[in-house]
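Structure first, commentary second.
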Amino acid sequence: QVHLTEFGGGLVQAGGSLRLSCAASGRTFSDYVTGWFRRAPGKEREFVAAIAWSGNRRWYADSVKGRFTISRDNAMNTVYLQMNSLNPEDTAVYYCAPKTYRGSEDVPRSYDNWGQGTQVTVSS
């Protein structure tokens, strides 16, 4: 089983940047698509980005295209989310998870073994 831990969140002003990391322990997660999702207060968990195990395919939500970049280092068992041009609408708890079920990359039910999340707060 893969266990994931997210870190790198924090408080940043609008227009700023953060890089989130998703570190895996236990079974290697290099076999999996890995996704980032987020949950804002009072909202459902929503897809942000995902990356294939080889890194040769990436998926992004429309709301983050051109601003966020997902990458992975399988040797380090880590997936990253570089977030630029942040705005207050990006404020949420960010989670990562391996895609362990069949289905689309952009739906939470395709994923399991969620991490605890890391808080990102963007001030205006």
Side-chain angles (χ1 to χ4, degrees):
Q1 196 173 25
V2 177
H3 299 280
L4 303 182
T5 303
E6 307 91 340
F7 52 96
L11 174 64
V12 63
Q13 289 188 330
S17 298
L18 283 174
R19 188 174 83 154
L20 305 184
S21 299
C22 171
S25 61
R27 179 180 175 179
T28 179
F29 78 156
S30 63
D31 296 335
Y32 300 98
V33 167
T34 302
W36 283 98
F37 288 74
R38 65 187 181 188
R39 177 177 284 162
K43 295 187 177 181
E44 297 293 319
R45 190 172 302 196
E46 67 171 359
F47 171 73
V48 176
I51 186 168
W53 68 270
S54 64
N56 65 346
R57 290 193 68 186
R58 295 173 172 85
W59 299 263
Y60 293 97
D62 288 342
S63 60
V64 306
K65 280 180 182 176
R67 300 188 299 123
F68 291 11
T69 302
I70 190 171
S71 61
R72 72 189 301 158
D73 184 339
N74 287 337
M76 298 294 291
N77 251 5
T78 303
V79 171
Y80 304 97
L81 185 68
Q82 178 66 42
M83 306 187 297
N84 299 328
S85 301
L86 285 161
N87 58 62
E89 289 71 38
D90 295 315
T91 294
V93 178
Y94 283 71
Y95 302 87
C96 65
K99 182 177 178 293
T100 54
Y101 301 110
R102 290 187 177 184
S104 297
E105 285 75 15
D106 61 349
V107 294
R109 65 176 178 271
S110 297
Y111 296 78
D112 200 355
N113 296 333
W114 297 89
Q116 294 299 306
T118 185
Q119 175 71 48
V120 172
T121 303
V122 184
S123 63
S124 56

(request) Dump the intermediate steps for salt bridge (Lys or Arg N to Asp or Glu O under 4.0 Å) on Arg39 and Glu46, then the final yes or no. (result) CA-CA 6 Å; Arg39 177 177 284 162; Glu46 67 171 359; over 6 Å; no
(message) Do Ser104 and Arg109 have side chains that approach each other closer than 4.5 Å (heavy atoms only, starting at C-beta)?
(response) no
(request) Nearest 0.5 Å please: distance from the OG atom of Ser110 over to the CZ atom of Arg102. (result) 11.5 Å
(request) Would you indicate whether the side-chain heavy atoms of Arg67 and Asp90 approach each other to under 4.5 Å? (result) yes
(message) Tell me if the centroids of the rings in Phe37 and Trp114 come within less than 6.0 Å of each other.
(response) yes
(request) Check Val120 against Gly9 and note the closest heavy-atom contact, atom names and distance. (result) CG2-CA, 4.1 Å
(message) Between Leu81 and Phe68, is there a side-chain heavy-atom distance shorter than 4.5 Å?
(response) yes
(message) Can you confirm whether the side chains of Ser17 and Asn84 place a donor and an acceptor under 3.5 Å from each other?
(response) yes
(message) Would you say the rings of Tyr95 and Tyr111 are close, in the sense that their centroids are separated by under 6.0 Å?
(response) no
(message) Would you say that Gln82 contacts Ser71 through its side chain, given a criterion of any heavy-atom pair below 4.5 Å between the two side chains?
(response) no
(message) For Gly55 versus Arg72, what's the shortest heavy-atom pair and its separation?
(response) N-CD, 4.3 Å
(request) Could you check if a side-chain atom of Lys99 sits within less than 4.5 angstrom of a side-chain atom of Asp112, using non-hydrogen atoms only? (result) no
(request) Determine whether Thr118 and Val93 make a side-chain contact, defined as any pair of heavy atoms from C-beta on separated by less than 4.5 Å. (result) no
(message) Closer than 3.5 angstrom, by distance alone: can the side chain of Asn74 be matched with the main-chain N or O of Asn77 as a donor-acceptor pair?
(response) no
(request) Specify the closest pair of heavy atoms between Pro88 and Ser124, including all atoms of both residues, with the distance to one decimal. (result) CG-CB, 3.9 Å
(message) Quick check: do Ile51 and Trp36 have side-chain heavy atoms less than 4.5 Å from each other?
(response) no
(request) Mind listing the closest non-hydrogen atom pair of Leu4 and Ala97 along with its distance? (result) CD1-CA, 3.4 Å
(message) Are Ile70 and Val79 packed together at the side-chain level, in the sense that at least one heavy-atom pair is separated by less than 4.5 angstrom?
(response) yes
